[in-house]
Amino acid sequence: MTKPQTYFVKTFGCQMNVYDSERMSELLTAEGMRAVDNSDDADLVVLNTCHIREKAAEKVYSDIGRLKASKRPSGVKPMVAVAGCVAQAEGEEIVRRAPAVDVVVGPQAYHRLPEMLAQAAEARAVDTDMPLESKFAVLPRRAKQSGPSAFLTVQEGCDKFCTFCVVPYTRGAEVSRPAEDVIAEARMLVEGGARELTLLGQNVNAFNGSGVGFAQLIREIAAIEGLARLRYTTSHPRDMDDDLIAVHAEVPELMPYLHLPVQSGSSRILKRMNRAHTAESYLATIEKLRAARPDIALSGDFIVGFPGETEADFEDTLSIVRAVGYAQAYSFKYSSRPGTPAAGMDGHLDEEVKSERLARLQALIVEQAFAFNRATVGRRVEVLMERQGKKPGQLIGKSPYLQSVHVMAPGLAIGDLVEVELLSAGPNSLEGALIQKAAA
Ligand code: SAH
Ligand code: SF4
Ligand code: F3S
């Protein structure tokens, strides 16, 4: 097999995978390969996979089959590399079920991709180690150009072991990057054009990088000249300490939007999930956050149909959603994952029960998101322009509350931060009118 000239990275799963895909792309570009826009044109396709639910994980096998059956105009079949969390969890299984795959590389080992590709020219290469050396120390420097909004992974892995979740197995133990490395990367991204950074981690608020806690990291990154906005995701309610809550009152660059998953409104189910918080303690945390930052918008994740969930437990979930009033929320049917404690619990529910509960929860969530958007109509907010809209002269940007806002503004460019009056709201986005170009 000859060395691939072109590549395409397809990303599944969470924002940490989006970040990893960017780093892999930079690495492949540094190796002299060229990115293409379509998997059908690429000599090498990297599938950066997600193992969180069964459906996500199963998609990978159909993709491998389709890609391996395709041919490039030259008659050559593409190389296929499976990266990410399915690679980590099912390395051997992938090789068994999809023998045509060329490379299998876990999320902590992808800095070795170039040597693995070279090796794969002879025989398949598999690396799902969690090496002691950090990939961050070996990867090429960040590309000089970034968009107006960039992701930055500051912490990886998870020690929480929620009984339903594969992440502690696919990403390994909680590890924070040294604060000075994170700050240096943040500077590079801002110099490259980012106005907004989102700090990422599976438990980002458990960050502790060489003695610097998460609240302090936020203060230091917010002070970087040229950075307008800062966000972080995903947080565990247990690690939402008073210092971090205080930062929401103190740091204007920190946007008033927080993704704080609760998973269930039933403390009995939360215990079975090993979440280490109750419905009551979660609500108390929300209260403190709102005292610190009254306009904070909240988002969450929910699992319905966890083993043993009764109708009354599910109604507690609806109640907590009503009590919080989310601006946005994501909800999933419980998916039994091999090797997790919940998979072996009693009381697994039928698909129909799960589907019915999911539909009820989602109806409530959609209603709340729409209500949240409507409540902001008439307000003036700053919008960071992120992409071109469908209509000529239209740009789409994000409000501080992470709402998508469509603005007719032929004179503006992507990356502009402008003041906009919100005119009308839909369930997923708003229309706004430009007031003036805010000072940079
Ligand atoms: N670290 C984050 C969650 C990462 S996974 C946190 O602790 O909040 C993203 C979401 O996927 C979870 O919040 C949960 O709602 C959902 N999820 C995880 N495992 C799942 C499973 N086995 N079945 C269904 N949903 C699951
Ligand atoms: Fe999974 Fe729980 Fe860790 Fe989140 S905190 S990644 S849900 S084990
Ligand atoms: Fe999926 Fe792995 Fe992220 S399992 S949600 S891609 S950490």
Side-chain angles (χ1 to χ4, degrees), residues 13-17 19 50-53 85 107 151-177 182 198-209 212-218 230-248 254-255 257-267 269-290 292-293 296-303 306 317 320-321 324 326-332 334 337 340-342:
C14 65
Q15 285 131 328
M16 304 193 62
N17 264 12
Y19 175 88
C50 174
H51 198 244
I52 202 84
R53 284 168 291 274
C85 292
F151 288 143
L152 171 47
T153 293
V154 306
Q155 176 274 343
E156 281 199 286
C158 184
D159 297 339
K160 303 282 193 293
F161 291 93
C162 300
T163 52
F164 51 80
C165 185
V166 294
V167 171
Y169 315 99
T170 64
R171 291 267 167 178
E174 241 165 65
V175 180
S176 297
R177 297 175 64 188
V182 172
T198 302
L199 309 181
L200 299 180
Q202 280 304 348
N203 275 285
V204 72
N205 56 346
F207 175 88
N208 191 326
V212 178
F214 193 56
Q216 187 55 24
L217 183 74
I218 290 179
L230 195 54
R231 304 180 184 276
Y232 61 91
T233 200
T234 295
S235 303
H236 195 288
R238 201 182 84 181
D239 296 317
M240 216 57 227
D241 62 26
D242 289 343
D243 195 21
L244 180 53
I245 292 174
V247 167
H248 281 271
L254 188 59
M255 290 291 103
Y257 177 96
L258 181 65
H259 183 65
L260 194 63
V262 65
Q263 312 297 354
S264 168
S266 157
S267 294
I269 293 295
L270 288 170
K271 191 151 191 239
R272 280 169 69 83
M273 288 177 164
N274 191 32
R275 285 290 293 180
H277 60 78
T278 60
E280 294 70 32
S281 68
Y282 178 82
L283 288 171
T285 302
I286 300 281
E287 206 168 301
K288 282 199 224 166
L289 277 160
R290 284 190 164 141
R293 182 78 208 229
I296 198 160
L298 292 154
S299 141
D301 288 342
F302 295 89
I303 294 178
F306 185 80
T317 296
I320 206 168
V321 172
V324 173
Y326 288 95
Q328 233 181 70
Y330 305 87
S331 50
F332 313 97
Y334 169 73
R337 308 304 289 128
T340 59

Side-chain donor/acceptor of Asp241 to backbone N/O of Leu244, under 3.5 Å: yes
Glu156 with Arg177: basic N within carboxylate O range, under 4.0 Å: no
Check against side chain to side chain contact (heavy atoms under 4.5 Å, CB included), Arg337 and Tyr169: CA-CA 11 Å; Arg337 308 304 289 128; Tyr169 315 99; over 6 Å; no
Side-chain heavy-atom pair Phe302, Ser264 within 4.5 angstrom cut-off: no
CG on Leu254 to NE2 on His248, rounded to 0.5 Å: 4.5 Å
Reported CG-to-CZ distance for the pair Leu258 and Arg290, which is rounded to 0.5 angstrom: 10.5 Å
Val182 vs Leu217 side-chain heavy atoms within contact, under 4.5 Å: yes
Under the side-chain hydrogen bond (donor to acceptor under 3.5 Å, both in side chains) test, residues paired with Ser267 that sit two or more places apart: Glu280
Separation between CG of Asp243 and CG of Asn205, rounded to the nearest 0.5 Å: 12.0 Å
Distance (rounded to the nearest 0.5 Å) between Ile269 CD1 and Thr317 OG1: 8.0 Å
Contact check, side chains of Val154 and Leu200, non-hydrogen atoms, under 4.5 Å: no
Qualifying residue, where the test is ring pair (Phe, Tyr, Trp, His ring centres under 6.0 Å) with Tyr232 and the options are Phe151, Phe214, Phe207: Phe214
Pi-cation contact, Phe306 with Arg272 (under 6.0 Å, within 45°): no
From CA spacing to verdict: side chain to side chain contact (heavy atoms under 4.5 Å, CB included), Arg238, Asn203: CA-CA 10 Å; Arg238 201 182 84 181; Asn203 275 285; over 6 Å; no
Short side-chain to backbone donor-acceptor contact, Gln155 and Gly157, under 3.5 Å: yes
Check: Met240 and Leu260 side chains under 4.5 Å, non-hydrogen atoms: yes
Side-chain heavy atoms of Val204 within contact of Thr234, under 4.5 Å: no
Residues Cys162, Gln263; criterion side chain to side chain contact (heavy atoms under 4.5 Å, CB included); working and verdict: CA-CA 10 Å; Cys162 300; Gln263 312 297 354; over 6 Å; no
Arg53 side chain reached by Phe332 side chain, heavy atoms, under 4.5 Å: yes
Atom pair CD/CD1 of Glu287 and Ile245 - distance to nearest 0.5 Å: 11.0 Å
Note, Phe161 side chain near Thr340 side chain (heavy atom, < 4.5 Å): no
Check: His277/Arg275 side-chain N/O donor and acceptor closer than 3.5 Å: yes
Side-chain donor or acceptor of Tyr282 paired with backbone N/O of Gly265 under 3.5 Å: no
Side-chain donor or acceptor of Ser176 paired with backbone N/O of Asn208 under 3.5 Å: yes
Within-4.5 Å side-chain heavy-atom neighbours: Cys85 and Cys50: no
Candidate pair Lys160 and Asp239, rule salt bridge (charged side-chain N to carboxylate O under 4.0 Å, His left out), full reasoning: CA-CA 11 Å; Lys160 303 282 193 293; Asp239 296 317; 2.9 Å; yes
Residues Arg293, Lys288; criterion side chain to side chain contact (heavy atoms under 4.5 Å, CB included); working and verdict: CA-CA 9 Å; Arg293 182 78 208 229; Lys288 282 199 224 166; over 6 Å; no
From CD1 (Ile286) to CG (Leu298), nearest 0.5 Å: 4.5 Å
